[in-house]
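The structure under discussion appears below in the form of structure tokens.
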Amino acid sequence: MSPLLCATITPYKIMTFVFLHGLAGDPDDIFHASAHLPSHRFIAPRIPYFEDEMASVTDLADVLIPEIRRSNPGKTPILVGNSLGGMVALALADTFPQAHLTLVGTHMVTTSRPVHRTGGGFDRELGFIFHNRSALTETRKARYRKKWMDFTSSRKGIRRLRTIKALASAFDIASRFERFQHRITLVCGRNDQISSLHQFTELHRHHRGLRIHIIEECGHAIPLEHPACLARILAGQIHTDSTSNEF
């Protein structure tokens, strides 16, 4: 498999991208990638992962539908799901039947790593998320630390984390990959320790309609570690009419 090269971006038409962030992420995680596509619109709703009434991935998707439709009336968006946001994108696929789905380090298998409340636990978690820590500014690191404390400093937060793991495990991801494979592009980091490359290559082996891009020297935080490469891939979704798979 060859490295993905980041070339000049020359898109052909204006599109709207809906960025769906992950559990520990934020809407502005797409900011640096969107800067490479200044002629296009980016919608980045905040996903209410930690609201107790959200009892399934479908609930998370349904609450976003009015905002997506209001922000992009009568048009088909490209859904860009990052990490757990990839499941949300798959849950939106029926509502937006013409939309292409770009799944970026998408959540595949729910892990059972223990939650550590110490600073060491936080540092270990960052090590799982980032392969290239130079992409992690002090401001963003402080934001991650605050979220980590919110997740782990109370029994309520830990219970909600367990609930989120359960609803992710209950989501029928396999059938959705089967149904929507010809509308899906997978973007994977070669060094992702959360959504491993092996999972994606196995998925592609069974669903040849999927397109797959692998970014070298990249972990789980693809929009932050390699925004220019991600932007190039998104630009390719605007005018692609090929069903070939790119490695």
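Note: hydrogens, waters and symmetry copies are ignored here, and every other heavy atom, side chains too, is used. What you are looking at is a predicted structure, and each value in this text was computed from that prediction instead of being measured.
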Rounded to the nearest 0.5 Å, what's the gap from CG on D59 to CD on E51? Could you check? 11.0 Å
With distance as the sole test, does R232 use its side chain to make a donor-acceptor pair with the main-chain N or O of P227 at under 3.5 Å? no
Within this structure, what is the CD1-OG distance for the pair I43 and S71, rounded to the nearest 0.5 Å? 4.5 Å
D192 and H220 side chains, donor-acceptor separation under 3.5 Å: yes
Between CG of L136 and CD1 of I129, what distance do you get to the nearest 0.5 Å? 9.0 Å
Short side-chain to backbone donor-acceptor contact, N132 and S134, under 3.5 Å: yes
Name the residue from T102, V187, T185 that meets the side-chain contact (heavy atoms from CB on, under 4.5 Å) definition with L234. T102
With heavy-atom distances below 4.5 Å as the criterion, would you say the side chains of M87 and I173 are in contact? yes
Report yes if the side chains of L64 and L60 come closer than 4.5 Å at any heavy-atom pair, otherwise no. no
Does a side-chain heavy-atom distance below 4.5 Å link F50 with L161? yes
How far apart are the closest heavy atoms of L230 and A33, and which atoms are they? CD2-CB, 4.2 Å
Indicate the atoms forming the closest heavy-atom contact of P45 with P27, along with that distance. O-CG, 3.9 Å
Taking all heavy atoms of A231 and all of L37, pick out the closest pair and write down the distance. O-CD1, 3.8 Å
Side-chain contact test, heavy atoms from C-beta onward, threshold under 4.5 Å: evaluate it for W148 versus R143 and give yes or no. no
Can you confirm whether F31 is buried at CZ, in the sense that more than 12 heavy atoms of other residues, nucleotides or ligands lie under 6.0 Å from that atom? no
Could you tell me whether the side chain of Q193 and the main chain of G127 form a donor-acceptor pair under 3.5 Å? yes
Spell out, as yes or no, whether a donor-acceptor pair under 3.5 Å connects the side chain of E225 to the backbone of C218. no
Evaluate side chain to side chain contact (heavy atoms under 4.5 Å, CB included) for I78 paired with V18, printing each intermediate quantity in order. CA-CA 6 Å; I78 293 175; V18 178; over 6 Å; no
Between the main-chain N or O of A99 and the side-chain N or O of R183, is there a donor-acceptor pair closer than 3.5 Å? yes
Could you check if a side-chain atom of R69 sits within less than 4.5 angstrom of a side-chain atom of P66, using non-hydrogen atoms only? no
Axial cation check for F130 ring with R133, 6.0 Å and 45° limits: no
Testing the basics here: between P223 and N82, what is the closest heavy-atom pair and its distance to 0.1 Å? CG-OD1, 3.6 Å
Just by modelled atom types, is the G25 backbone N or O under 3.5 Å from a matching donor or acceptor in the K147 side chain? yes
Would you say Q181's side chain and E178's backbone share a donor-acceptor pair under 3.5 angstrom? yes
Does the side chain to side chain contact (heavy atoms under 4.5 Å, CB included) test come out yes or no for M15 and T76, once each step is laid out? CA-CA 8 Å; M15 287 296 297; T76 298; 5.7 Å; no
Short side-chain to backbone donor-acceptor contact, R176 and L90, under 3.5 Å: yes
Are P77 and L79 close enough that some pair of their side-chain heavy atoms sits under 4.5 Å apart? yes
Hey, what do you get for NZ (K165) to OG1 (T163), rounding to the nearest 0.5 Å? 11.5 Å
Evaluation steps, ring pair (Phe, Tyr, Trp, His ring centres under 6.0 Å), between F19 and F42: CA-CA 7 Å; F19 178 70; F42 281 80; 8.4 Å; no
Does any non-hydrogen side-chain atom of R208 lie less than 4.5 Å from one of H182? no
Heavy-atom pair with the smallest gap, counting every atom of I14 and S39: CG2-O, 3.5 Å
Is it the case that atom CD in Q98 sees more than 12 heavy atoms from other parts of the structure closer than 6.0 Å? no
If I take atom NE2 from residue H226 and atom CG from residue L224, how far apart are they, to the nearest 0.5 angstrom? 11.0 Å
In terms of side-chain geometry, is the basic nitrogen of R140 or D29 positioned less than 4.0 Å from the acidic oxygen of its partner? yes
Side-chain donor-acceptor pair present, E217, H131, cut-off under 3.5 Å: yes
Approximate separation, where rounding is to 0.5 Å, of T16 OG1 and H40 NE2: 9.5 Å
Report the C-alpha separation of H21 and D26 in whole Å, then their side-chain angles, then the decisive distance to 0.1 Å, and conclude whether the side chain to side chain contact (heavy atoms under 4.5 Å, CB included) test is met. CA-CA 6 Å; H21 65 85; D26 286 293; 5.6 Å; no
Going by an N to O cut-off under 4.0 Å, is there a salt bridge joining R70 and E67? no
Is the count of non-hydrogen atoms from other residues, nucleotides or ligands lying under 6.0 Å from H198 atom NE2 greater than 12? no
Can you tell which of I233, V104, L20 makes a side-chain contact (heavy atoms from CB on, under 4.5 Å) with V80? V104
Side chain to side chain contact (heavy atoms under 4.5 Å, CB included) between Y144 and L126: does it pass, once the steps are laid out? CA-CA 9 Å; Y144 272 112; L126 283 186; 4.2 Å; yes
Side chains of S83 and T106 in contact at under 4.5 Å (non-hydrogen atoms): no
Looking only at heavy atoms, the pair that brings Y49 and G22 closest together is CE1-O, 3.4 Å
Parallel, tilted or perpendicular for H207 and F177, by the 30°/60° rule? parallel
Has R205 got a side-chain atom pairing as donor or acceptor with F200's backbone, closer than 3.5 angstrom? no
Mark yes or no for whether H100, through its side chain, and Q237, through its backbone, hold a donor-acceptor pair below 3.5 Å. no
Hey, are D150 and K146 close enough for a salt bridge, meaning a charged N less than 4.0 Å from a carboxylate O? yes
Who passes salt bridge (Lys or Arg N to Asp or Glu O under 4.0 Å) against R41, sequence neighbours left out? none
